[in-house]
Amino acid sequence: MQIGLVGLGKMGGNMRERLRNAGHTVVGYDTNPERADVGSLVDLVEQLERPRAVWVMVPAGAATQHVIDQLANLLRHGDTVIDGGNSRWTDDEKHAEELAKRGINFVDAGVSGGVWGLKNGYALMVGGEKEVVDDLKPIFDALKPEGPYGYVHAGKVGAGHFSKMVHNGIEYAMMQAYAEGWELLEKVDSVDNVREVFRSWQEGTVIRSWLLDLAVNALDEDHHLDELRGYAEDSGEGRWTVEAAIDNAVPLPAITASLFARFASRQDDSPQMKMIAALRNQFGGHAVEAAKK
C-alpha cells in the first residue's frame, strides 16, 4: 500500500522504516531536507496514487493545523488524512468537519511506542468511520506489535486521541508511583542498593512493567540519577485528561496528583522528578536537563 508521511522526527522516521520493512511504499516529507524523500507537500501528494492517504506526524496544535490546511488544498475527494500526533480530540472533530466539506476523509490515530516502536511496534488507537478505517488496516497492521493485540478501532472521530489521552494520563500516575518509591528507597539508610531492588521487581511481582524495565535501564546508566535535574515537562495530555474528568464528573485523584507533581518539579530540584525525567527519556527520547553543578 502507498502512504504519505509528514513529519519524520523520532517517531515518524521510525514509522517510515517499519512500514517499508513490511513492504509498503512510503513517501516522506519533513521540513528538514536531510530526512525528507521529497522537497514539498506538493511533491508528496503528486507521487501518491489516488485515493491517497497521508499520515500527519507533527506536534499538536498550530503545526498540525498548518499541515492539514495545506493538505486540504492539495488532496481531492476520496483521499484521507490521518493525524497520528498527540492532538486534542476536540481538534479532531474540527479537522474532520473542515475536510469533509471537500470530500476528504479524516482519521485520528493515537500512537504509543516512542523510540522503541520501530523494534516493538506501536500501540494504535484509531477513530473514524469504519469504511475508511478498514481501508487503512494494512498500514495499521504493519505498525502495530506482532500478535493479536496493540490495535483498536476505538470509535468515531476523536475516539483515538481521547483513548491515547487517557493512556498518557495513566502513564503519568504510574511513573509518579515508581518515582515516589524510588525516592523513599534512596532516603533510608537501611537500603544501600536501590538499583538492584528495582531490578528484583522485574520478575514475579505485581508491579513489573515495561516502565519498570526502563527505570532499571536509567539507573544502570546513572545509579542515583545524579546527572539529571529534577524537572519534568507535561506534554498536554495529562492536563486534557484532568479537564475531561472534570467535564464528566469522573474522579481521577492519582492522575491529577501526578500532573500537579510535575508542576511542583519546576519550583525546586525534585528527586522524584529525576526518575520521571529519566523514564520519559527512556521511552520517548524526551529531552532531559542536566543537574546544576
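Source: prediction; values computed, not measured.
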Please report the shortest heavy-atom distance between [X] and [Y], naming the atom on each side.
{"X": "G9", "Y": "R35", "result": "CA-NH1, 3.8 Å"}
{"X": "I104", "Y": "A72", "result": "CD1-O, 3.9 Å"}
{"X": "I3", "Y": "L19", "result": "CG2-CD1, 4.2 Å"}
{"X": "Y172", "Y": "L259", "result": "CE2-CD1, 3.9 Å"}
{"X": "K130", "Y": "H153", "result": "CA-CE1, 3.7 Å"}
{"X": "I82", "Y": "A109", "result": "CG2-CB, 4.0 Å"}

Quick one: are [X] and [Y] in side-chain contact, heavy atoms under 4.5 Å?
{"X": "E183", "Y": "Y178", "answer": "no"}
{"X": "V6", "Y": "L41", "answer": "yes"}
{"X": "K274", "Y": "E227", "answer": "no"}
{"X": "P51", "Y": "D79", "answer": "yes"}
{"X": "L211", "Y": "F283", "answer": "yes"}
{"X": "W182", "Y": "L219", "answer": "yes"}
{"X": "N14", "Y": "Y122", "answer": "yes"}
{"X": "T80", "Y": "V54", "answer": "no"}

From [X] atom [atom1] to [Y] atom [atom2], the distance as rounded to the nearest 0.5 Å:
{"X": "L44", "Y": "S40", "atom1": "CG", "atom2": "OG", "result": "8.0 Å"}
{"X": "N86", "Y": "N168", "atom1": "CG", "atom2": "CG", "result": "6.0 Å"}
{"X": "D43", "Y": "L74", "atom1": "CG", "atom2": "CG", "result": "10.0 Å"}
{"X": "S112", "Y": "H167", "atom1": "OG", "atom2": "NE2", "result": "3.5 Å"}
{"X": "W240", "Y": "R88", "atom1": "CH2", "atom2": "CZ", "result": "6.5 Å"}
{"X": "D222", "Y": "N217", "atom1": "CG", "atom2": "CG", "result": "13.0 Å"}

Under 4.0 Å between a side-chain nitrogen and a carboxylate oxygen: does that hold for [X] and [Y]?
{"X": "K94", "Y": "E97", "answer": "no"}
{"X": "R199", "Y": "D220", "answer": "yes"}
{"X": "E46", "Y": "R52", "answer": "no"}
{"X": "D37", "Y": "R16", "answer": "yes"}

Atom NE2 of residue position H223 - does it have more than 12 heavy atoms of other residues, nucleotides or ligands inside 6.0 Å?
yes
Report yes or no: do [X] and [Y] belong to one cluster of Ile/Leu/Val/Met/Phe/Trp/Tyr joined by side chain heavy-atom distances under 4.5 Å?
{"X": "V38", "Y": "L75", "answer": "yes"}
{"X": "L8", "Y": "V67", "answer": "no"}
{"X": "V56", "Y": "M165", "answer": "no"}
{"X": "I276", "Y": "I207", "answer": "yes"}
{"X": "V126", "Y": "V166", "answer": "no"}

Step-by-step side chain to side chain contact (heavy atoms under 4.5 Å, CB included) determination, F106 to D92
CA-CA 8 Å; F106 179 82; D92 296 328; 3.7 Å; yes
Distance-only polar pair, side chains of [X] and [Y], donor-acceptor under 3.5 Å:
{"X": "N105", "Y": "E129", "result": "no"}
{"X": "Q47", "Y": "Q2", "result": "no"}
{"X": "H224", "Y": "E186", "result": "yes"}
{"X": "S87", "Y": "D83", "result": "yes"}
{"X": "H95", "Y": "Q65", "result": "yes"}

Worked check of side chain to side chain contact (heavy atoms under 4.5 Å, CB included) between M1 and T25
CA-CA 6 Å; M1 184 174 175; T25 299; over 6 Å; no
Residue pair M57, M15: steps toward the side chain to side chain contact (heavy atoms under 4.5 Å, CB included) verdict
CA-CA 10 Å; M57 205 69 188; M15 288 168 63; 3.6 Å; yes
Between the side chain of [X] and the main-chain N/O of [Y], is any donor-acceptor distance below 3.5 Å?
{"X": "W89", "Y": "K164", "answer": "no"}
{"X": "K10", "Y": "G285", "answer": "yes"}
{"X": "R280", "Y": "A232", "answer": "no"}
{"X": "D234", "Y": "G238", "answer": "no"}
{"X": "R50", "Y": "H77", "answer": "yes"}
{"X": "R18", "Y": "L118", "answer": "yes"}
{"X": "T256", "Y": "P253", "answer": "no"}
{"X": "N248", "Y": "V250", "answer": "no"}
{"X": "R208", "Y": "T205", "answer": "yes"}
{"X": "H161", "Y": "G85", "answer": "yes"}

Carefully, step by step, assess V152 and L124 under the rule side chain to side chain contact (heavy atoms under 4.5 Å, CB included).
CA-CA 6 Å; V152 62; L124 302 171; over 6 Å; no
Please work out which of the three classes, parallel, tilted or perpendicular, describes the rings of W55 and F140, given edges at 30° and 60°.
perpendicular
